[in-house]
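Chain identifiers are assigned alphabetically (A, B, ...) following the order of the sequence lines, protein sequences preceding nucleic acid strands; residue numbering begins at 1 within each chain.
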2 protein chains.
Amino acid sequence: MNIGEAAKASGVSAKLIRYYESIGLIPEAGRTGSGYRVYGPNEVNVLRFIKRARTLGFGIERIQTLLGLWQDRDRASAEVKRVALEHVAELEAKIAELTAMSDTLRHLADCCHGDDRPECPILRDLAEAEGVGPPCRHG
Amino acid sequence: MNIGEAAKASGVSAKLIRYYESIGLIPEAGRTGSGYRVYGPNEVNVLRFIKRARTLGFGIERIQTLLGLWQDRDRASAEVKRVALEHVAELEAKIAELTAMSDTLRHLADCCHGDDRPECPILRDLAEAEGVGPPCRHG
DNA sequence: GCTTGACCTTCCAATCACTGGAACCCTCAT
DNA sequence: ATGAGGGTTCCAGTGATTGGAAGGTCAAGC
């Protein structure tokens, strides 16, 4: 299996596979006489694992850890759970942050007439930011 | 006012003020004879506007647009609202993405015993990903 | 006047996980 | 032999910062 076939089989682009190798996330692949990288089913499984972990938002460093645990027959599931919950906590923090932004802006947009006139609570908020200003019927 | 004072007054770091100037988000500041940047209250207000907009998660490009609208006395509030709602849509899309990750992982973690044993639904999911596997009492 | 320390200046590098492109080599079919 | 479609390396850019190095400037104290 060359890199293109491994890419198709794993869903990870050839470019990304080379990148993962370059940063040491995966070991260096074997090579043919002419320098082509060679992959087998095990390597493809590792790539699939990585892809799935990325889909769940794990960073590369944590994926390193998870790969290590995956390949450790004597791991404690508690360890895996801890890593996962750390990540969940970060996701939830980010969600809270984005939700606060979204709610604030949604409210300001609701208060904005959205017509030809220049008066706009959104710009007023950005310009002043302190105090809530005059109330609006959506508040 | 030099850049440090403008930074204190606006809440935007000196480093960032220079960066904003370098990318053309703000116009080039005036200079003293010895090359120090000089700022007045107007510039500080612009910086505060930018800071508030960044707090709401707007990207630099959209902030450019918002600054233009802010300084246009003949703007239509509809235009501002449109820009804001575009951003809200992006925020909500991101929130949905992160929430899906978080929910999936939270569920997997709930199914994980988290003890000394190696068996772990989180790793099982990452390794297999297809099919939900055996049910767990948290599902 | 000289030193000290806090400020200012520019430029370069790193972050994170990729992605794109250039320039060149290999393989296979026609 | 040629062309298409792989592969290879290396370099650069993404967004919005932050950090640091190397050097110029300012105000105060001695």
Side-chain angles (χ1 to χ4, degrees), chain A residues 1-26 28-39 43 46-67 86-87 90-91 93-94 97-98 101, chain B residues 1-26 28-39 43 46-67 86-87 90-91 93-94 97-98 101:
Chain A
M1 238 175 169
N2 63 25
I3 200 170
E5 291 161 337
K8 243 173 243 160
S10 66
V12 179
S13 75
K15 209 104 193 176
L16 207 36
I17 295 175
R18 286 190 206 101
Y19 170 70
Y20 287 156
E21 184 184 307
S22 81
I23 61 171
L25 179 60
I26 56 180
E28 292 193 11
R31 301 279 184 144
T32 67
S34 59
Y36 282 22
R37 286 175 181 81
V38 180
Y39 299 88
E43 283 79 11
V46 168
L47 288 169
R48 273 210 272 256
F49 182 102
I50 293 170
K51 187 189 169 78
R52 173 73 176 148
R54 287 291 302 132
T55 299
L56 290 176
F58 284 101
I60 296 291
E61 203 171 341
R62 268 202 192 106
I63 295 179
Q64 292 262 30
T65 305
L66 291 173
L67 277 173
E86 273 175 26
H87 181 48
E90 287 176 16
L91 286 171
K94 192 74 187 169
E97 190 188 335
L98 297 182
M101 291 173 179
Chain B
M1 238 176 168
N2 64 24
I3 200 170
E5 291 161 336
K8 243 173 243 159
S10 65
V12 179
S13 74
K15 210 102 193 180
L16 209 34
I17 295 174
R18 287 189 205 103
Y19 170 70
Y20 288 156
E21 184 184 305
S22 80
I23 62 171
L25 179 60
I26 56 179
E28 291 192 13
R31 301 279 184 144
T32 65
S34 58
Y36 281 24
R37 286 175 181 82
V38 181
Y39 299 88
E43 283 78 12
V46 168
L47 289 169
R48 273 209 274 255
F49 183 102
I50 294 170
K51 187 190 169 78
R52 174 71 176 150
R54 286 292 301 133
T55 299
L56 290 176
F58 284 100
I60 296 291
E61 203 170 342
R62 267 199 194 107
I63 295 179
Q64 293 262 29
T65 306
L66 291 173
L67 276 173
E86 274 175 25
H87 181 49
E90 287 175 16
L91 287 171
K94 193 74 189 170
E97 191 188 334
L98 297 182
M101 293 174 178

Engineer: Round to a whole Å and report the spacing from CD1 of A:I60 to P of C:dA17.
Structural biologist: 5 Å
Engineer: Quick one: are B:L16 and B:I50 in side-chain contact, heavy atoms under 4.5 Å?
Structural biologist: no
Engineer: B:G59 or B:Y36: which one's nearest nucleotide on DNA chain D is closer to the 5' end?
Structural biologist: B:G59
Engineer: Take the protein atom CD of A:E61 and the nucleotide atom C1' of C:dA17, then report the distance between them rounded to whole Å.
Structural biologist: 13 Å
Engineer: Are any of A:R37's side-chain N or O atoms less than 4.0 Å away from OP1 or OP2 of D:dT8?
Structural biologist: yes
Engineer: When you check the phosphate oxygens OP1 and OP2 of C:dC18, does a side-chain N or O of A:Y20 lie under 4.0 Å from one of them?
Structural biologist: yes
Engineer: If you look at every strand shown and take non-hydrogen atoms under 4.0 Å, does B:I3 touch a base, only sugar-phosphate, or nothing?
Structural biologist: sugar-phosphate
Engineer: B:T32 or B:R54: which one's nearest nucleotide on DNA chain D is closer to the 5' end?
Structural biologist: B:R54
Engineer: Within the pair B:S34 and D:dC26, is there a side-chain N or O less than 4.0 Å away from OP1 or OP2?
Structural biologist: yes
Engineer: Report the distance from atom CE of B:M1 to atom P of C:dC7, rounded to the nearest whole Å.
Structural biologist: 15 Å
Engineer: Taking only Lys NZ, Arg NE, NH1 and NH2, and the carboxylate oxygens of Asp or Glu, determine whether B:E43 and B:R37 approach each other closer than 4.0 Å.
Structural biologist: no
Engineer: Whole angstrom is fine here: how far is it from NZ in A:K51 over to P in C:dC18?
Structural biologist: 9 Å
Engineer: Quick check on C:dT10: is either OP1 or OP2 less than 4.0 Å from any side-chain nitrogen or oxygen of B:R31?
Structural biologist: yes
Engineer: In whole Å, I'd like the distance from the CD1 atom of A:I23 to the C1' atom of C:dT19.
Structural biologist: 14 Å
Engineer: Should A:K8 and A:E5 count as an ion pair when the cut-off is N to O under 4.0 Å?
Structural biologist: no
Engineer: For A:G33 and for A:S13, locate the closest nucleotide of DNA chain C by heavy-atom distance; then report the residue assigned to the nucleotide nearer the 5' terminus.
Structural biologist: A:S13
Engineer: Rounded to whole angstrom units, what separation is found between the CD atom of B:E5 and the P atom of D:dC26?
Structural biologist: 13 Å
Engineer: How many whole angstroms separate atom CD of A:Q64 from atom C1' of C:dC16?
Structural biologist: 14 Å
Engineer: Quick one: is D:dA16 close enough that its OP1 or OP2 comes under 4.0 Å of any side-chain N or O from B:R18?
Structural biologist: no
Engineer: Output the rounded distance in Å from CD (A:E90) to P (C:dC16).
Structural biologist: 12 Å
Engineer: In plain terms, say whether A:R18 and A:E21 are close enough for a salt bridge, that is, a side-chain N and a carboxylate O under 4.0 Å apart.
Structural biologist: no
Engineer: Under 4.5 Å between any side-chain heavy atoms of A:L25 and A:L67, yes or no?
Structural biologist: yes
Engineer: Which nucleotide in the list D:dG6, C:dC18, C:dG21 gets nearest to the side chain of A:N2?
Structural biologist: D:dG6
